[in-house]
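Along the sequence shown, the residues carry numbers beginning at 1. For the numbers below, each heavy atom of this structure counts, side chains included, while hydrogens, waters and symmetry mates do not. What you are looking at is a predicted structure, and each value in this text was computed from that prediction instead of being measured.
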Amino acid sequence: MYDGIVQSLIDEFGRLPGIGPKSAQRITFHILQTPSFDVSRLAELLTEVREKVRFCEICGNVSEQDRCAICRDPRRDATLICVVEDAKDVSAIERTREFRGLYHVLGGAISPIAGIGPDDLRVAQLMSRLADGTVQEVILATNPNLEGEATAAYLSRLLTSMQITVTRLASGLPVGGDLEYADEVTLGRAFEGRRAV
Ligand SMILES: [Zn+2]
């Protein structure tokens with residue numbers, strides 16, 4: 001334990017995901033001991049991110065405008081929609097450069113244990129995006145774990161009545177893991193090898 005605000009800062013960093021007490025302490029001391037570390041820049045960015053960044057009104061991706069850069073890009077293939085759980089998955093898939101369509105971020109996955117059902121996700125928004133017949137294929141890229149599979153199964157049942165090809169990423173992704181942790185090559189291959197469900 002340290003005195004006063006030093007400990008407060010360590011505690012605050014320690015509340016962030018993926019940062020344990022040791023890392024929190026390391027970050028705090030790095031800031032204390034590095035005069036060149038631009039604290040005001042960091043503080044500014046934190047405030048700015050809070051104020052400016054929101055979620056795209058179409059796909060749910062992070063954006064500084066009403067519509068994200070991907071939805072605004074006319075070169076993207078509007079006949080393809082890739083459904084993901086999180087905005088972090090969008091950036092993981094973008095890194096593979098395999099996909100030139102649009103995204104739909106659900107905002108999570110179906111989990112009866114956590115009390116998350118389809119109504120808690122952006123499922124209705126997905127259905128209304130599909131209503132005008134532009135979209136030919138929906139790629140279900142939810143995580144290869146229990147909740148992700150349940151969500152993909154639910155969505156594929158929901159979409160069977162529509163004239164849309166529904167595909168799921170090929171196996172080869174680490175089972176039980178998150179898309180965001182898959183390496184680009186594996187994720188890229190999973191895209192190429194996607195199959196109809
Ligand atoms: Zn968007």
Side-chain angles (χ1 to χ4, degrees), residues 13 16-20 23 26-27 30 42 45-46 48-49 52-65 67-111 116 121-123 125-126 129-130 134-156 159 164-197:
F13 282 130
L16 297 172
I19 298 185
S23 302
R26 207 175 302 134
I27 296 167
H30 174 76
L42 180 62
L45 278 174
L46 289 173
E48 248 187 288
V49 151
K52 290 186 182 163
V53 178
R54 54 200 129 158
F55 296 97
C56 171
E57 61 181 12
I58 297 175
C59 74
N61 189 16
V62 286
S63 178
E64 286 183 42
Q65 299 182 29
R67 296 183 175 193
C68 74
I70 296 171
C71 288
R72 291 199 312 268
D73 186 349
R75 292 163 303 177
R76 304 292 299 215
D77 183 351
T79 68
L80 284 173
I81 285 189
C82 178
V83 177
V84 294
E85 293 181 22
D86 254 320
K88 285 174 290 189
D89 302 325
V90 172
S91 96
I93 293 168
E94 284 298 286
R95 281 196 300 270
T96 71
R97 299 172 181 277
E98 280 296 327
F99 183 66
R100 296 300 302 160
L102 302 173
Y103 291 93
H104 192 83
V105 180
L106 290 171
I110 294 172
S111 169
I116 300 168
L121 307 173
R122 301 180 65 255
V123 173
Q125 289 91 329
L126 173 65
R129 287 182 75 184
L130 302 178
T134 306
V135 176
Q136 306 290 307
E137 181 183 350
V138 170
I139 302 159
L140 302 172
T142 49
N143 289 329
N145 56 26
L146 208 63
E147 292 81 13
E149 294 299 345
T151 308
Y154 171 82
L155 290 175
S156 65
L159 299 172
I164 294 171
T165 304
V166 180
T167 56
R168 181 92 175 105
L169 294 193
S171 51
L173 291 170
V175 174
D178 279 2
L179 274 197
E180 56 173 308
Y181 301 125
D183 68 274
E184 287 148 43
V185 176
T186 308
L187 192 51
R189 278 200 197 119
F191 248 90
E192 269 179 57
R194 65 186 187 265
R195 51 192 158 58
V197 289

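Atom CG in Asp73 sits 6.0 Å away from atom CZ in Arg100 (nearest 0.5 Å). Here the straight-line distance linking atom CG of Asn61 with atom CG of Asp89 works out to 10.5 Å at 0.5 Å rounding. Between the OG atom in Ser156 and the CD1 atom in Ile164 there is a gap of 12.5 Å [rounded to 0.5 Å]. Remark: Lys88 NZ to Leu179 CG distance equals 11.0 Å, nearest 0.5 Å.
A distance-only check finds a donor-acceptor pair linking the side chain of Thr142 to the backbone of Gly148 [under 3.5 Å]. The backbone N or O of Asn145 sits nowhere less than 3.5 Å from a side-chain atom of Asn143 that would complete a donor-acceptor pair.
Among residues two or more places apart in sequence or in another chain, the salt bridge (charged side-chain N to carboxylate O under 4.0 Å, His left out) test is passed with Glu147 by none. Residues satisfying the salt bridge (charged side-chain N to carboxylate O under 4.0 Å, His left out) test with Glu94, not counting sequence neighbours, are Arg76. With sequence neighbours excluded, no residue satisfies side-chain contact (heavy atoms from CB on, under 4.5 Å) with Ala150. With sequence neighbours excluded, the residues that form a side-chain contact (heavy atoms from CB on, under 4.5 Å) with Val135 are Ile81, Leu130, Val138. With sequence neighbours left out, Thr79 forms a side-chain hydrogen bond (donor to acceptor under 3.5 Å, both in side chains) with Asp77. Residues forming a ring pair (Phe, Tyr, Trp, His ring centres under 6.0 Å) with Phe191 (at least two apart in sequence, or on another chain): Phe99. Under the rule for a side-chain hydrogen bond (donor to acceptor under 3.5 Å, both in side chains), Arg189 has no partner lying at least two apart in sequence or in another chain. For Val62, the side-chain contact (heavy atoms from CB on, under 4.5 Å) test picks out Val53, Phe55, Ala87, with sequence neighbours left out. With sequence neighbours left out, the side-chain hydrogen bond (donor to acceptor under 3.5 Å, both in side chains) criterion links Gln65 to Arg72. Scanning for side-chain contact (heavy atoms from CB on, under 4.5 Å) contacts around Ser23 gives Ile19, Arg26, with sequence neighbours left out. In this view, Thr167 and Glu137 satisfy the side-chain hydrogen bond (donor to acceptor under 3.5 Å, both in side chains) rule, not counting sequence neighbours.
Side-chain contact between Ile110 and Tyr154 is present, with at least one heavy-atom pair separated by less than 4.5 Å. Side-chain contact between Val105 and Gln125 is absent, with no heavy atoms from C-beta onward closer than 4.5 Å. Within the 4.5 Å cutoff, the side chain of Val197 has heavy atoms near those of the Arg195 side chain. Annotation: side chain of Leu187 is in contact with side chain of Leu169 (closest heavy-atom distance under 4.5 Å). Within the 4.5 Å cutoff, no side-chain heavy atoms of Ile70 are placed close to those of Cys59.
Considering every non-hydrogen atom in both Arg168 and Ala152, the closest pair reads NE-CB, 3.6 Å. A pairwise comparison of heavy atoms in Cys56 and Arg122 identifies O-NH2, 4.3 Å as the closest pair. Considering every non-hydrogen atom in both Ile93 and Cys82, the closest pair reads CD1-SG, 3.8 Å. Between Arg194 and Leu80, the shortest heavy-atom distance links the atoms NH2-CD2, 4.2 Å.
Remark: of the listed residues Val166, Leu106, Thr151, Val123, Leu106 is the sole one forming a side chain to side chain contact (heavy atoms under 4.5 Å, CB included) with Val83.
For the salt bridge (charged side-chain N to carboxylate O under 4.0 Å, His left out) condition, the pairs that include at least one residue of residues 56-65, sequence neighbours left out, are Glu57-Arg67.
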